[in-house]
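Just below is one structure, and these are the notes that go with it.
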Amino acid sequence: MKRDCSSGSQKRSAFGAGRIVLASLASHGFPSGYQDSRVKRFLSKNGLVILGFTFILSLIALLAVGLTQNKNTPENFKFGIVFDAGSSHTTMYIYKWSAEKVNDTGLVYEIEACKVKGPGISAFASNVQDIPVYLSKCMGRAKELIPKYKHHQTPVYLGATAGMRLLRMENEQSAKRILASVTSFLNSYPFNFRDARIISGSEEGAYGWITINYLLGKLQKKQNSEDPSSRKNESQETYGALDLGGASTQITFVPKDTNISSPIKFMQFRLYGWNYTVYTYSFLCYGQDQALLLKLAKDTVETPSGTLLDPCFHPGYERMVDISDLFNNVCTREYKDLFPFDKLRIQGTGDFLQCQERLHNLFPTTYCRYTSCTFNGVFMPPVHGEFGAFSAYYYTMKFLNLTSDKVTSEDMVIEKMKQYCSRPWKEVNTTYADVKEKYLSEYCFSGTYVLTLLQVYNFTDYWKHIHFMHKINDNAEAGWTLGYMLNLTNMIPAELPQPKPFSRPTYISLMVAFSLVLAIVFILGSIIFHKSSYFQK
Ligand SMILES: O=c1[nH]cnc2c1ncn2[C@@H]1O[C@H](COP(=O)(O)OP(=O)(O)O)[C@@H](O)[C@H]1O
Ligand SMILES: [Ca+2]
C-alpha cells in the first residue's frame with residue numbers, strides 16, 4: 001500500500017505536483033530524512049535526463065540559428081526616387097542599393113532614368129491641372145519597378161532647379177501653386193513622399209560635386225590610405241564639378257588655397273571622416289538656353305532689324321522667334337525695348353570665330369574686388385585639380401565627338417568647331433536625321449558656348465584636366481540628384497564607420513562554441529553537485 005502510494009507520488013511529481021504530494025507524505029508520518037533522500041535520488045536521476053535533453057535542444061537551436069544566419073539569403077535592397085525638375089525637362093531617377101552595404105561608396109545603382117514627356121515644370125504656371133497627367137507615366141514606372149512591399153519605405157523627392165528659380169522671381173504665387181500641385185499628386189502614391197521644393201544654386205553645385213566624387217570613389221577610398229592628418233592637399237583627391245543646364249550653370253571645386261579671403265562662404269563638408277572646403281557658384285541665366293536668349297536679345301538691341309544674321313547657326317538655317325518670348329523673361333528683360341517688328345527672323349551664317357566673339361560679350365570682365373574673379377566681378381579662386389563636366393557639357397561635346405581623353409587642348413576643340421559650324425544646315429540635317437531638331441540646330445551655338453564659358457573660367461591651358469562624363473562606372477548618371485538623395489537619407493556618414501571586430505561567420509562560430517562550453521560546464525556542475533549531495537547521504 002505504502003509503496004503504491006509512494007510510487008504514485010513519484011508519478012505525480014513528474015507532472016509538476018511534487019510539493020503537494022510531499023506535504024501529504026509528511027502528514028502521514030514518514031521520517032523527514034527518508035523523504036529528502038528519496039527526492040534527491042529522484043532529482044539526480046531525472047534531473048540529468050532533463051539537463052541532457054535541454055543540452056541537445058540548445059545545441060540544435062544554436063546550430064539552426066548559425067546556419068540560418070549564414071545561409072545565402074537574398075540581399076535586402078532599398079530604393080529611392082528623385083525627380084530632377086530642370087528648366088527644360090523633368091527626369092525621374094530610381095536608385096537601388098543594398099541595405100547591408102549602406103555606408104559603402106559606389107554601391108548605389110541608378111535602375112531607371114524616366115524622362116517625363118513635355119517641358120520643364122515651370123511651363124505649367126497657367127495649367128497646373130495638367131501636372132498629374134504629366135508625372136503619372138514615370139510614377140507608374142516606379143510602381144512597376146519597385147516591389148510592392150517596398151513602396152511605403154521608398155522615399156520620393158522632387159527638386160526643381162533654375163527654371164523654377166526664375167519663375168519664383170517673376171511670380172512667386174505661380175511657383176507655389178506648381179509645387180503644391182506636384183506635392184498633392186506625389187502624395188497620392190503609396191511611396192514615402194518627402195518633399196517637392198526649389199533647390200538653391202549652391203545646393204545644385206554641391207550635390208553634383210558629391211555625386212561625382214561618390215561615384216568615382218574619391219570620398220571613401222581614403223579609408224585604406226594613410227593617416228588623414230598626413231595628407232595635405234585634399235583637392236588632389238576630389239574632382240571639381242561642372243554642370244551646365246538650360247537656365248543656370250554651376251562650378252564647384254576644392255581650391256588650392258582655402259585660406260584666401262572670400263566674400264562667399266566656402267562650403268564645409270565632413271564626409272567619411274574627412275573635411276572638405278568647397279567653392280561653389282551657380283550662375284543664373286547662364287544655362288545654355290537662357291544664354292542663347294540673352295545673346296539674341298543683345299543682338300536684336302544692337303542691330304534692330306527684323307532679320308538677324310547669326311554666326312552661331314549653320315549656313316542655310318532659319319528660325320522665327322517671337323519678340324515677346326525673347327524679352328518676357330527675367331534674364332533678358334533689362335534689354336527690353338520697343339521694336340517696329342514683333343517677330344525676329346534668324347538666318348545662320350555658320351562662322352565659329354564671329355560666334356565666339358559675340359558670346360564673349362555675354363561675360364563682361366568688370367572690376368574685381370577680390371583676390372581673383374571670373375566674369376561679372378564674381379569671386380572665384382583659380383581652378384584647381386581634375387574636373388568632371390556633365391549635363392549639357394557632356395551632351396554637346398559627345399555629339400561633337402570631343403569627349404575623348406585624346407582631346408587634350410583647346411586648339412583641337414576650336415578646329416573642330418570651325419569646321420562643324422561652317423557645315424550647311426541641309427547637310428547636317430540629313431546626316432543626323434535621327435537627332436531632335438531643337439538640339440541639332442543648336443550644337444554649333446552650344447559647342448561654342450561651352451568653349452567660351454570654359455575660357456572665361458580660365459581652362460584655356462587646363463583643358464586636359466576636364467573629363468566629360470555621363471554615367472560613371474555604369475552605376476549612375478552624373479548630376480545633383482544622387483548627392484541630394486545620399487544626403488537626405490544620411491547615406492554618407494560624417495565619420496568612417498568603425499569596422500566590426502569579427503566577421504559574421506566568425507561571430508556565429510564563436511557564439512556556438514561558447515554556448516557549447518557553457519552547456520557542458522553547466523551539466524558537469526549539476527552532476528558534481530548531485531553526486532556530492534548523494535554521497536553526503
Ligand atoms: O540629348 C541632349 N542633347 C543636347 N542637349 C540636351 C540633351 N538633353 C538635354 N539637353 C539640354 O541640357 C540642358 C538641361 O538643362 P536642365 O533642364 O537640367 O536645366 P537647369 O539645370 O538649368 O534647370 C538643357 O539645355 C537641354 O536642352
Ligand atoms: Ca539640370
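In listed order, ligands and their atoms are each counted from 1. The structure presented is a predicted model; accordingly, all values stated were derived computationally and were not measured.
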### Query
Should we count CZ of Arg423 as having more than 12 external heavy atoms under 6.0 Å?
yes
### Task
Could you tell me whether the SG atom of Cys331 lies less than 2.5 angstrom from the SG atom of Cys285?
yes
### Task
Assess the cysteine pair Cys368 / Cys373: is their SG-SG separation shorter than 2.5 Å?
yes
## Note on the structure
Protein neighbours of ligand 1 with a heavy atom under 4.0 Å, given by chain and number, are Gly86, Ser87, Ser88, His89, Thr161, Ala162, Glu204, Gly245, Gly246, Ala247, Ser248, Gln288, Asp289, Ala392, Tyr395, Tyr439, Tyr443
### Query
With no hydrogens and no angle check, is any side-chain donor or acceptor of Tyr134 less than 3.5 Å from a backbone partner on Pro119?
yes
### Message
As an exercise, state the distance from CG of Asn429 to CD of Glu427, rounded to the nearest 0.5 Å.
### Response
10.5 Å
### Task
Could you list all the ring pair (Phe, Tyr, Trp, His ring centres under 6.0 Å) pairs where at least one residue sits in residues 161-184, not counting sequence neighbours?
none
